[in-house]
Amino acid sequence: AADPDLGTPPAGPAAAGKPAGGPAQGGDDYARGSAAFKASDLPTAKSAFEAAVKKNPKQADAHYALGLVLDKMGDRPGAEKAYKDALAIQPDMTEAAENLTAVYVESQRYDDAIAVAKRALEKNAKNAPLTLNYAVALGGKGDEAASRKAFDDAVKLEPNNALFYITYAQQLSAWKKRDEALDKLKQAQRLAGEDPALLGSVGFELRTLRAVPECIAAFDKAIAVKDNGDFRTNRALCKHAAKDKSGARKDLEEATAKEPDFAPAHYWLGWTLHEDGKFAEAVTSYERYLKLAPKGPLASAAQAKLTLAKDKKKSPPPKPAK
């Protein structure tokens, strides 16, 4: 599996991303919440939508918008309740169904996701995001045949959506269908254009599949659009797998220079230095990682390697044989 401490986000369930349009029965509070949400002021948006819901408990779009804000704030139970309240008032609100199924999928509550998706798809069988979430939930339940059909339906509904192909590839990878997953990722890369987030997700999945040349090529394209520590660190690991140690080292040095606070780059730079016997420099990199991410996914590995590198640093080099 790909290392958990890298920043490139894998694709996931589809979700609507903005407050529903249409007339705002909540008046000024809804309008204020929408403006705050657009400005990424989530606390103000939350307060405004809560006021809108209090003034008019039957306003479905205010419940949905409140759920969206709570979702972004990490309050999954609160978001779930708000989406369910919206659907209770307006059962055909597809945005709320999309986001509720996404919450359930992310929580691995696959039966709940399937139930919501089925009800919503009965009203709108051509809703691509809901179909995608339904496919992911079926895959999570282990129903490969039904999941494949739903994935195929989803990509037919949105044949130019790179995210759909990435998500399909993730599921195929989980089923150990490597060649099929690679094919979907190639399609995703063609559709991603110059979107750095999508290109990065494609590269991440290719690295997970150990598709080394394809991974390097994907991150080459991503870095050409947006050069950052995350992409360079991922590309470095693919280059290392390709036995290009100097290229990997250069990428990691560039990553730490461009984004000094991107912790994973420091860990992997320390790892390559350690591997080459540069223990003093490795110690510095491991210590930097632990300072930035003391509870990070690689913290225990970094601490163990730091101890080992310090011991190696103290040990005198072996005397040459006479």
Side-chain angles (χ1 to χ4, degrees), residues 8-20 64 67-68 71-72 76 79-80 83-84 86-87 91-178 180-193 195 197-206 208-209:
T8 304
K18 58 183 179 180
Y64 161 72
L68 191 60
D71 213 342
K72 286 186 174 293
R76 191 169 285 170
E80 177 188 349
Y83 294 143
K84 289 170 74 174
L87 287 168
D92 63 348
M93 180 178 275
T94 55
E95 299 95 339
E98 287 170 29
N99 284 32
L100 182 57
T101 55
V103 166
Y104 286 149
V105 167
E106 289 166 356
S107 304
Q108 298 185 2
R109 293 168 59 183
Y110 299 123
D111 286 326
D112 290 331
I114 289 167
V116 172
K118 274 186 173 179
R119 286 195 299 270
L121 288 169
E122 286 173 1
K123 297 177 176 63
N124 186 356
K126 295 187 180 297
N127 184 290
L130 271 171
T131 304
L132 183 73
N133 291 353
Y134 183 48
V136 175
L138 289 167
K141 284 286 291 180
D143 190 343
E144 182 176 342
S147 179
R148 275 181 178 273
K149 182 182 183 306
F151 271 117
D152 289 338
D153 289 343
V155 297
K156 283 178 185 176
L157 289 168
E158 287 203 18
N160 297 318
N161 192 324
L163 181 65
F164 281 35
Y165 289 94
I166 296 169
T167 307
Y168 199 168
Q170 288 178 327
Q171 187 60 66
L172 287 165
S173 179
W175 291 330
K176 310 299 183 186
K177 310 292 186 181
R178 185 177 186 275
E180 290 182 75
L182 281 173
D183 181 64
K184 298 302 179 190
L185 291 171
K186 288 175 183 177
Q187 293 181 68
Q189 186 170 344
R190 287 195 294 271
L191 294 168
D195 184 313
L198 288 173
L199 291 169
S201 289
V202 169
F204 183 89
E205 295 303 326
L206 288 166
T208 302
L209 288 172

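- For the side chain to side chain donor-acceptor pair (under 3.5 Å) test, residues two or more places apart in sequence or in another chain that qualify with K149 are D153.
- Counting all heavy atoms, side chain and backbone alike, A192 lies closest to L198 at CB-CB, 3.8 Å.
- Remark: of the listed residues R190, K186, Q189, Q189 is the sole one forming a side chain to side chain contact (heavy atoms under 4.5 Å, CB included) with V202.
- With rounding to the nearest 0.5 angstrom, the CD atom of E144 is 8.0 Å from the CD atom of Q171.
- Taking 4.5 Å as the limit, some side-chain heavy atom of Y104 sits within range of a side-chain heavy atom of E80.
- The minimum heavy-atom distance between A188 and A162, with the atom names listed, is O-CB, 3.5 Å.
- At a threshold of 4.5 Å between non-hydrogen side-chain atoms, the residues R148 and L172 count as touching.
- N99 is listed as a side-chain neighbour of Y64, based on a closest heavy-atom distance under 4.5 Å.
- In terms of heavy-atom proximity, A117 sits nearest to T101 at N-CG2, 3.7 Å.
- Pairing each heavy atom of Y83 with each of D71, the nearest pair is OH-OD2, 2.9 Å.
- L206 places a side-chain heavy atom less than 4.5 Å from the side chain of L182.
- Within the model, atoms CG of L209 and CG of L185 stand 6.0 Å from one another, a figure rounded to the nearest 0.5 Å.
- A137 is linked by a side chain to side chain contact (heavy atoms under 4.5 Å, CB included) to V105, Y110, A113, I114, counting only residues two or more places apart in sequence or in another chain.
- Put simply, the side chain of T167 gets close to the backbone of L163: a donor and an acceptor are under 3.5 Å apart.
- Summarising the geometry of L199 relative to G193, their closest heavy-atom pair is CD1-O, 3.7 Å, with the distance given to 0.1 Å.
- In terms of the ring-ring contact (aromatic ring centres under 6.0 Å, His included) criterion, residue partners of Y168 (sequence neighbours excluded) are, by chain and number, F151.
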Just list the side-chain donor-acceptor pairs under 3.5 Å for residues 119-130, sequence neighbours left out, or say none.
from : atom 1 : to   : atom 2 : distance (Å)
N124 : OD1    : K126 : N      : 3.3
N127 : OD1    : L130 : N      : 2.8
N127 : ND2    : E98  : OE2    : 3.3

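- Taking all atoms of both residues into account, the shortest heavy-atom contact from G67 to A79 is O-CB, 3.4 Å.
- Rounded to the nearest 0.5 angstrom, D152 CG and T131 OG1 are separated by 11.5 Å.
- The side chain to side chain contact (heavy atoms under 4.5 Å, CB included) search around D183 returns Q187, not counting sequence neighbours.
- Under the 4.0 Å criterion applied to side-chain N and carboxylate O atoms, E106 and R76 are assigned as salt-bridge partners.
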*For side chain to side chain contact (heavy atoms under 4.5 Å, CB included), just list the numbers for N133 and V116, CA-CA rounded to whole Å, side-chain angles, deciding distance to a tenth of an Å, and then say yes or no.*
CA-CA 10 Å; N133 291 353; V116 172; over 6 Å; no
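- Proximity of E180 to W175: side-chain heavy atoms (C-beta onward) are nowhere separated by under 4.5 Å.
- Listed by chain and number, the residues in a side chain to side chain contact (heavy atoms under 4.5 Å, CB included) with K156 amount to none (sequence neighbours excluded).
- Taken from CD in E205 to OG in S173, the straight-line distance is 7.0 Å, to the nearest 0.5 Å.
- Contact of the Y165 side chain with the V155 side chain is registered, since non-hydrogen atoms from C-beta on lie closer than 4.5 Å.
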